[in-house]
Amino acid sequence: MTEPTFATLVSRWYEENARDLPWRERGVSPWAILVSEVMLQQTPVVRVLPAWQAWLARWPDPAALAADTPAEAIRMWGRLGYPRRAVRLRDCAVAIVERHGGQVPDRLDQLLALPGIGTYTARAVAAFAYGQRHPVVDTNVRRVVCRAIAGEPDAGPTTRPADLVAAEELLPIAPADAALASAAFMELGAVICTARAPRCATCPVESVCAWRASGRTAPAGPTRRPQKYAGTDRQVRGLLLGVLREATSPVPRQRLDQVWADDVQRSRALAGLVTDGLVEPVGEASYRLVGDGPPLPVTLGG
DNA sequence: ATCCAGGGTA
DNA sequence: TACCCGGGAT
């Protein structure tokens, strides 16, 4: 009798302890899974839950979203954060309609070519929606593998090719088992092997964890500098977008000027929103969410 | 203050 | 590689 593999231990634990999340249910469409993965980029599960339900009730397939405006996508995004994701998700829906007949593709290269779909999300969709065998590596999986296998306290800030290899080597051969194991690794990192205060006492791989065996060494040093928010352009962008989201007609710049005192920073933030395809100027001195109303007249003669 | 199911760009 | 990009919860 051989010892259960690392993936087997975590998968068994997952089957008994997984959170009851709606996008994990049987029969959830690839589109619904893709939407959940995009929303979950840098946004905690509890905040995604209601937004995911509302989004799919309104746009149950890519064609429905592709037929609507970026403005409505930005509004439905609400306060999930990083609203460029809303525009990219709509761009993604358009691309799915144009390139794949409205069906979310099942090939990794085609998924990677879609707007807003990167290394993590492409493999997550291929694995969780189509049952394929790919290493699905997010911040949780990097941390779990780094600790339990390498015995180090913290993973690097970004996913490197070596991280994909390390995770792939832990996956069972059977694709369905591999997909389950990937979900289990992520769940372990989210619920047990957390960044701050890991719950080693209830961890299913506590007995084989290299990090625990080495005495749970502390992180070497402050490798990441704290990400500020207050006072940054991001906060100003959020304030500006908040006004435009609530508006039903173009907003005069004079009204936008009231959300932030610093002229230079406010102008820079507004220009950034325009560059990012979230906001568009209307006439000489008004702004609106992109596509939020009748098409703008074509400018002639420069 | 720190973290969060990352992706795009220079 | 480094940096930019929201916002809420702990």
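Chain identifiers are assigned alphabetically (A, B, ...) following the order of the sequence lines, protein sequences preceding nucleic acid strands; residue numbering begins at 1 within each chain. Atoms considered below: every heavy atom in the structure, side chains included; atoms not considered: hydrogens, waters and symmetry mates.
Under a 4.0 Å N-O distance rule, the pair A/E72/A/R58 qualifies as a salt bridge. Ionic pairing of A/D257 and A/R266 is present here: one or more N-O contacts between side-chain nitrogen and carboxylate oxygen are shorter than 4.0 angstrom. Electrostatic pairing of A/D91 and A/R88 does not count as a salt bridge here, judged by no charged N lying under 4.0 Å from a carboxylate O.
For the pair A/L114 CG and B/dG7 P, the interatomic distance rounds to 12 Å; values are reported in whole Å. When rounded to the nearest whole Å, the span between CZ of A/R245 and P of C/dG7 equals 6 Å. Across the protein-nucleic acid pair, A/D138 atom CG and B/dG7 atom C1' stand 14 Å apart, rounded to whole Å. Rounded to whole Å, the distance from CZ on A/R142 to P on B/dC3 is 12 Å. The distance between atom NZ of A/K228 and atom P of C/dC4, rounded to the nearest whole Å, is 14 Å. Here B/dT2 presents its P atom at 13 Å from CG of A/D154, a figure rounded to the nearest Å. Rounded to whole angstrom, the span from the CZ atom of A/R234 across to the C1' atom of B/dG7 amounts to 14 Å. If you take CG of A/L40 and P of C/dA9, they are 16 Å apart, rounded to a whole angstrom.
Contacts between residues 75-96 of chain A and DNA chain B, counted as heavy-atom distances below 4.0 Å, involve A/R84, A/R88. Taken residue by residue, residues 177-202 of chain A places heavy atoms nearer than 4.0 Å to DNA chain B at A/M186, A/A195, A/R196. Of the residues in residues 123-135 of chain A, not one comes within less than 4.0 Å of DNA chain B through any heavy atom. Contacts between residues 17-31 of chain A and DNA chain B, defined by a heavy-atom separation under 4.0 Å, are made by A/R19, A/L21, A/W23, A/R24.
Between A/Y229 and C/dG7 there is a side-chain polar atom (N or O) within less than 4.0 angstrom of OP1 or OP2. Taking side-chain N and O atoms only, A/R237 has no distance below 4.0 Å to OP1 or OP2 of C/dC4. Between B/dG6 and A/Q42, a contact under 4.0 Å exists linking OP1 or OP2 to a side-chain N or O. Distances shorter than 4.0 Å separate some side-chain N or O of A/R143 from OP1 or OP2 on B/dC4.
Residues satisfying the side chain to side chain donor-acceptor pair (under 3.5 Å) criterion with A/D292, sequence neighbours excluded, are A/R75. For A/T217, the side chain to side chain donor-acceptor pair (under 3.5 Å) test picks out no residue, with sequence neighbours left out. A/A176 meets the side-chain contact (heavy atoms from CB on, under 4.5 Å) test with no other residue; sequence neighbours excluded.
Mapping A/P115 and A/V45 onto DNA chain B by nearest heavy atom places A/V45 closer to the 5' end of the strand.
Each salt bridge (Lys or Arg N to Asp or Glu O under 4.0 Å) pair with one or both residues in residues 114-136 of chain A, not counting sequence neighbours, appears once here: A/R133-A/E168. Residue pairs meeting the salt bridge (Lys or Arg N to Asp or Glu O under 4.0 Å) criterion with at least one member in residues 156-165 of chain A, sequence neighbours excluded, do not occur. Legend: salt bridge (Lys or Arg N to Asp or Glu O under 4.0 Å) pairs involving residues 204-218 of chain A, not counting sequence neighbours, sorted by first then second residue: A/E206-A/R212.
Residue-to-nucleotide contacts include a donor-acceptor pair under 3.5 Å from the side chain of A/R47 to the base of C/dG7. At a cut-off of 3.5 angstrom, the base of B/dG7 holds no donor-acceptor pair with the side chain of A/T121.
For the pair A/F6/A/V144, a side-chain contact is recorded, criterion being any heavy-atom separation below 4.5 Å from C-beta on.
Look at the C1' atom in both C/dG6 and B/dT2: the space between them is 15 Å, to the nearest Å. With P as the reference atom, C/dG8 and B/dG7 are 23 Å apart, rounded to whole Å. Atom C1' of B/dC4 sits at a distance of 14 Å from the matching atom of C/dC5, rounded to the whole Å.
Using a 4.5 Å cut-off between side-chain heavy atoms of Ile, Leu, Val, Met, Phe, Trp and Tyr, A/V243 falls into a hydrophobic cluster with A/I74, A/V87, A/V236, A/L239, A/L240, A/L241, A/L244, A/V251, A/L256, A/V259, A/W260, A/L270, A/L273, A/V274, A/L278, A/V279, A/Y287, A/L289.
Looking at heavy-atom distances under 4.0 Å, A/T159 makes no contact with the nucleic acid at all. Backbone-only engagement by A/T139 is indicated by non-hydrogen atom pairs under 4.0 Å involving sugar-phosphate atoms exclusively. Among the protein residues, A/S36 comes within range of no part of the nucleic acid, since none of its heavy atoms lies under 4.0 Å from any strand.
For A/W59 and A/W31, the ring centers are positioned 6.0 Å apart or more.
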Can you check side-chain contact (heavy atoms from CB on, under 4.5 Å) on A/W77 and A/W55, steps first, answer last? CA-CA 8 Å; A/W77 196 256; A/W55 190 279; 3.7 Å; yes
What do the steps show when you test A/R245 against A/R79 for side-chain contact (heavy atoms from CB on, under 4.5 Å), and what is the final call?
-> CA-CA 10 Å; A/R245 204 160 33 210; A/R79 305 181 71 80; 3.4 Å; yes
Pairs of donor and acceptor atoms involving the side chains of residues 188-202 of chain A, under 3.5 Å and at least two apart or interchain, shall be tabulated with distances.
unit_1 : atom_1 : unit_2 : atom_2 : d
A/T194 : OG1    : A/A197 : O      : 3.1
A/R199 : NH1    : A/V191 : O      : 3.0
A/T202 : OG1    : A/R199 : O      : 3.3

